[in-house]
Amino acid sequence: MLKKKKKKSVPAISTASLPDIVFMLLFFFMVATKMKEVTLKVEIKRPFASFATKLDDTNPIKTVYVGRPITSMQGVYGTESRIQINDVIASDVNGLVQAVDDWRNEIGDANVPKLTVLLKIDRNTKMGVVNDIKKTLRDREQYKIAYSSSKGDDPEENN
Amino acid sequence: MADIAFLLLVFFLVTTTFDSDYAIERRLPAKLKQEIPPEDVKIEARNVFILLINKQDELFVNGERGDMKKLKDDVKTFILNPTNDPRLSEKSQKFVQSPLLKAGKYYKSKGVITLQGDRLTSYRKYIAVQGILTAAFEEMRDEVADREFQMTYAELKEKASKGNDEIAKKKFAERVDAIDDLLPMAISEAETRKSAVK
């Protein structure tokens, strides 16, 4: 039997719709992206909580970060847990006093009782540091706080 | 055109982070105008549920080793005390009077949960316990919200804060307040103890 060798050429895929697809993805990511408000100088892995709620973002929220300095900052700040407020690492917990005053000026008197201080704290931090922060905030009469956490059970929970 | 779009796409792909902000909300105790001597603050022993996390991150409930898995139900039983157990929290003498809740149905608990830690306790464990406590209160509030308003507590809260209808928002805020008043998140976060070994 003779078989005719036929050269089948695969037709090229039309790329005419490619820009459309790319644009669609682009818009998706543009809408979904939330820009980071600060550059983190401390490393933060959030703790797990079996129940947590989304913060009501109609009220003013200000964030305090606590964790070990990132590798490039360890030369200056060491490896112990440090507190970062806005863009700087505070020398100690008293830096919070000034920060709370600044935040209050920024948001205006009417909003002061609505202000929530969000504590973004690394899960391996010791409670001593956390308690110093809570005490400082309480002394400044900043009562509304929130502990940032991941929703879900701790995969390493063993008790 | 597509090239530019690609470039932008890659930029947004790289910068996007999808972690949404979840948090446990708490209210710190108000600063005392005057230091009250401890003997003036009397709470009956049965009304206090003592949680302690030691520096090895072990949980103790009322002095005995506690189980994280049972904690949520234990907290609910302590507050609600469905069987009127004299070892669990005491209820108010009178029914709760509220125009929003069915009369003659609800008692307010006098129970308080205290959460103590050590300076060396890990934040991870502390938040795990806080999460369970929040879940326990949320479930108890959900039960009331469902019975009285046929909604979850979270739905009530959302309706109280979102939307343009101020009158409706106020109505839902009042419902949330009624539930909060019946089941206040009575968690006292005592200051952590100093660890003996540094």
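Quick note on labels: first sequence line is chain A, next is B, and so on, each numbered from 1. Model, not experiment: these values are computed from the prediction.
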Point-to-point distance, once rounded to the nearest 0.5 Å, from [atom1] of [X] to [atom2] of [Y]:
X	Y	atom1	atom2	result
A:F27	B:F12	CZ	CZ	10.0 Å
A:R46	B:R124	CZ	CZ	13.5 Å
B:K157	A:K54	NZ	NZ	14.5 Å

query: Which pairs, with at least one residue in residues 58-80 of chain B and sequence neighbours excluded, count as a ring-ring contact (aromatic ring centres under 6.0 Å, His included)?
result: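 Residue pairs with at least one partner in residues 58-80 of chain B: B:F49-B:F78.
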
- request: Step by step, work out the side chain to side chain contact (heavy atoms under 4.5 Å, CB included) result for A:K126 and B:Y123.
  value: CA-CA 6 Å; A:K126 298 292 178 205; B:Y123 183 65; over 6 Å; no

Would you mind checking which part of [X] comes under 4.5 Å of any heavy atom in chain A, side chain (CB onward), backbone (N, CA, C, O), both or neither?
X	value
B:A30	both
B:E25	both
B:F6	both

- request: For the residue pair B:Y126 and A:Y147, establish whether any side-chain heavy-atom pair is separated by less than 4.5 Å.
  value: yes

pair B:F11-A:F29: side-chain heavy atoms closer than 4.5 Å: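 No - every pair of side-chain heavy atoms lies 4.5 Å or more apart.
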
- request: Please state whether the side chain, the backbone, both or neither of A:V66 comes within less than 4.5 Å of a heavy atom of chain B.
  value: neither

Heavy-atom contact with chain B under 4.5 Å, split by part of A:I145: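 Both the backbone and the side chain of A:I145 come within 4.5 Å of chain B.
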
Shared hydrophobic cluster for [X] and [Y] (ILVMFWY, side-chain gaps under 4.5 Å):
X	Y	result
B:L88	B:V61	yes
A:F51	B:I187	no
A:V31	A:I21	no
A:V97	A:I133	no
A:L26	A:L18	yes

task: I would like to know whether B:I127 and A:F48 meet side chain to side chain contact (heavy atoms under 4.5 Å, CB included); could you show each step before the answer?
output: CA-CA 7 Å; B:I127 288 299; A:F48 300 93; over 6 Å; no

- prompt: What residues form a salt bridge (Lys or Arg N to Asp or Glu O under 4.0 Å) with B:D85, not counting sequence neighbours?
  reply: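 Expected list: B:R87.
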
- request: Sequence neighbours left out, what passes salt bridge (Lys or Arg N to Asp or Glu O under 4.0 Å) with B:R141? Give chain and number order.
  value: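 Checked B:R141 against salt bridge (Lys or Arg N to Asp or Glu O under 4.0 Å); matches are B:D180.
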
field: Distance-minimising heavy-atom pair for A:L55 and B:A23
entry: CG-CB, 4.0 Å

- prompt: So which heavy atom on B:A135 is nearest to which on A:S50, and how close?
  reply: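 Between these two residues, the closest heavy atoms are CB-OG, 4.4 Å.
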
So does [X] have more than 12 non-hydrogen atoms from other groups sitting under 6.0 Å from [atom1]?
X	atom1	result
A:Q74	CD	yes
B:Q56	CD	yes
B:K70	NZ	no
A:E106	CD	yes
A:R82	CZ	yes

query: So, are A:D132 and B:R119 salt-bridged, with charged N and O less than 4.0 Å apart?
result: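 Looking at B:R119 together with A:D132, the answer is yes, because their closest N to O distance falls below 4.0 Å.
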
Top residue by heavy-atom pair count (under 4.5 Å) with chain B, among [options]?
options	answer
A:S148, A:S150, A:P19	A:S148
A:L137, A:T58, A:T53, A:V129	A:T53
A:M30, A:K144, A:Q142	A:M30

- line: Of B:V129, B:L9, B:I24, the largest count of non-hydrogen pairs under 4.5 angstrom with chain A goes to B:I24

query: Does the pair B:D118 and A:M127 meet the rule for a side chain to side chain contact (heavy atoms under 4.5 Å, CB included), with working shown?
result: CA-CA 7 Å; B:D118 188 281; A:M127 278 309 290; over 6 Å; no

- prompt: Is any residue of residues 108-125 of chain A within less than 4.5 Å of chain B by heavy atoms, and which ones?
  reply: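 Within residues 108-125 of chain A, the residues under 4.5 Å from chain B are A:L118, A:L119, A:K120, A:I121, A:D122, A:R123, A:N124, A:T125.
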
